[in-house]
Amino acid sequence: MTTQLTITRPDDWHLHLRDGDTLKAVLPDTARQFARAIVMPNLRPPVASAEAARDYHARIKQALPAGLDFEPLMTLYLTDNMAAQEITRAHQYGVVKAVKLYPAGATTNSDSGVTSLAKCAAVLAEMEKLGLPLLIHGEVTDAEIDVFDREKVFIDRHLQPLLKDFPGLKVVFEHITTQDAAEFVAQGPGNLAATITAHHLLMNRNAMFTGGIRPHHYCLPVLKRETHRQALVKAAISGSAKFFLGTDSAPHPKSAKEASCGCAGMYTAHAAIELYAEAFEAASALDKLEGFASFYGPDFYQLPRNTDKVTLSKQSWLVPETIPFADDVLVPLRAGQSIAWKLL
Ligand SMILES: NC(=O)N[C@@H](CC(=O)O)C(=O)O
Ligand SMILES: [Zn+2]
Ligand SMILES: [Zn+2]
C-alpha cells in the first residue's frame, strides 16, 4: 500500500478566487498547494476587459501572503458585444491566458454572459488566430431542458457546431460531469480538452439528498448519477492528456448556501489535491495523479511544467466545520469529517 506520494507541484486549471476580503480569505488555501491557477472572471462586474484582468491580477498578487509563490493566470469574461480588439489587447498584456464562455444565466454571475455564439464570431476567430483557449461552462440554459441533461444538450447544440466552425480554436470543456462529455472529449480533436473537479470524481447526486437536502453538495453543473461519476473517473485515470485538474472551488458564504434559494458552488480549495488523491486511490490509480494534476494542463496551455515537488502522506485529518470568509464563514467540503491524505 502506498503511504507517501511525491509528485510535481500541481496547478489548478479552474478556480474561483472572488475579490477583496473574500479573496484574502481563500487565496492561501490554493497557493499552499498549487503553483498556478486559471482564475475565473465571474466577479461583479465581470472581468471583461484587458485592464480589468490586469488589475485583478495585481489585486491577487497583493493579497498573497509573504513566502507563498503563486501565479494567477487570468481569464476574460466573454460578452455578446466584446470587440475582437479586446482579445488582441488582452493577449498583448500577457497575464490573460484564456477567455471564458458563460451561457447567459447558466451559473453564478453569468447574467452578462453570451446569449448567442453567433455574436462572438469575430472574437472567436481572433482567439483561434492567437491560440488563446476558450473555456466553456457547457450547459444550455433552456428552462425546458431537464437540469440533469443540460450538459449533454450543450454538446449537440453548441459545442459540436463551434468546433466545426473554428477547427483551430483551443477549447476546454470545463468541469465535465457526464459520460457523454467524457466520451465526446476523448474522441474529439486534439485542440479539445476538459477539466474534472474532485467533487465530481468523489460524489454522485445521492450526496445532495443524504438524509435530507445538502446545500453544500449543490454546484453547477449539478452532480449526476453514479454511471456518470464512474465515466469521469475512467477519463481522469486514463492517462489521456485531454483531461486535467480543475477544482472549480467556488466559495460562497454559509448564509448564501443555507438558504431557501441557495447558490451553486462547493468549496474544495482547503483540501484540493488531497481530495483528488482519495479519488485516484479509490480507483487504484495513484500513479496517474501526477500527469492529471501537474503535466497535461501546462502542456495544453503551452506553459512550462512546474519543476518543484509536493509530497502527500496517507494520514487522516479532520476538516474544520467552517472557515472564516470575510465577515461570514464558509462551509468547506467534508466539513467535520476526515480526509485520508495530507499534503506535507
Ligand atoms: N460551479 C459552481 O457551482 N459555481 C461557480 C460558477 C461555475 O463554475 O459555474 C461559482 O462561481 O460559484
Ligand atoms: Zn461553471
Ligand atoms: Zn467554476
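Below, each value reflects all heavy atoms present in this structure, side chains not excepted, and no hydrogens, waters or symmetry copies. We're numbering straight along the sequence, starting at 1. Whatever order the structure lists them in is the order used to number ligands and atoms, beginning at 1.
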re atom 5 (C) of ligand 1, the protein heavy-atom contact at minimum distance is His16 NE2, 3.6 Å

Can you tell me how the ring of His137 sits relative to the ring of His175, calling it parallel under 30°, perpendicular over 60° and tilted otherwise? perpendicular

Verify the distance criterion only: is there a donor paired with an acceptor across the side chains of Arg44 and Asn109 at less than 3.5 Å? yes

Classify the angle between the aromatic ring planes of His270 and Tyr267 as parallel (below 30°), tilted (30 to 60°) or perpendicular (above 60°). parallel

Regarding Lys170 and the six-membered ring of Phe300, is the cationic atom NZ or CZ under 6.0 Å from the ring centre and inside 45° of its axis? yes

Glu174 with Lys100: basic N within carboxylate O range, under 4.0 Å: no

Protein heavy-atom partner closest to atom 3 (O) of ligand 1 - residue, atom, separation in Å: Leu220 N, 2.8 Å

At what distance is the nearest protein heavy atom to atom 1 (N) of ligand 1, and which residue and atom is it? Asp248 OD2, 2.7 Å

Assess whether a salt bridge exists between Glu51 and Arg54, defined as any Lys/Arg side-chain N lying under 4.0 Å from an Asp/Glu carboxylate O. no

Protein-side N, O or S atoms sitting under 2.8 Å from the Zn ion (ligand 3) are His14 NE2, His16 NE2, Asp248 OD1

Considering the heavy atoms of Cys219, write down every atom of ligand 1 situated less than 4.0 Å from one of them. 3 (O)

Please name all residues satisfying side chain to side chain contact (heavy atoms under 4.5 Å, CB included) with Ala25, sequence neighbours left out, ordered by chain then number. Phe325

Electrostatic pair Asp328:Lys254 at N-O distance under 4.0 angstrom: no

I'd like to check which ligand 1 atoms, numbered from 1 as shown, lie under 4.0 Å from a non-hydrogen atom of His252. 10 (C), 12 (O)

So, is the end of the Arg205 side chain (NZ or CZ) under 6.0 Å from the ring centre of Phe148 and within 45° of the ring's axis? yes

Which word best sums up how the rings of Phe244 and Trp13 line up, parallel for under 30°, tilted for 30 to 60°, or perpendicular for over 60°? perpendicular

Using a 4.0 Å heavy-atom threshold (strictly under), name the region of His175 that reaches ligand 1: side chain, backbone, both or neither. side chain

Any side-chain donor-acceptor pair under 3.5 Å between Arg36 and Asn306? yes

Closest non-hydrogen protein atom to atom 7 (C) of ligand 1, residue and atom name please, with distance? Thr107 OG1, 3.4 Å

Atoms of ligand 1 under 4.0 Å from any heavy atom of His137, numbered from 1 in the order shown, are 9 (O)

Between Glu274 and Arg334, does any NZ, NE, NH1 or NH2 come within less than 4.0 Å of an OD or OE carboxylate oxygen? no

Taking 4.0 Å as the limit for heavy-atom contacts, which would you say applies to Lys100 with ligand 1: side chain only, backbone only, both, or neither? neither

Where ligand 1 meets His14 - atom numbers and elements under 4.0 angstrom, heavy-atom basis: 8 (O)

Taking only non-hydrogen atoms of Asn42 and a 4.0 Å limit, the atoms of ligand 1 in range are 6 (C), 10 (C), 11 (O)

Who's the nearest protein heavy-atom neighbour of atom 4 (N) of ligand 1, and how far? Ala264 O, 3.2 Å

Please list, in number order, the atoms of ligand 1 under 4.0 Å from a heavy atom of Gly265. 2 (C), 3 (O), 4 (N)

Would you say His57 and Gln62 are linked by a side-chain donor-acceptor pair, where the criterion is simply a distance under 3.5 Å? no

Go through the steps for Tyr77 and Tyr102 under the test ring-ring contact (aromatic ring centres under 6.0 Å, His included), then give the verdict. CA-CA 8 Å; Tyr77 187 114; Tyr102 291 104; 5.2 Å; yes

Where on Asn109 is there a heavy atom closer than 4.0 Å to ligand 1, on the side chain, on the backbone, on both, or on neither? neither

Taking the minimum heavy-atom distance to atom 10 (C) of ligand 1, which of His199, Met266, Arg18 ranks first? Arg18

So if I count the atoms of ligand 1 from 1 in the order they appear, which ones are less than 4.0 Å from some heavy atom of Ala250? 4 (N), 5 (C), 10 (C), 12 (O)

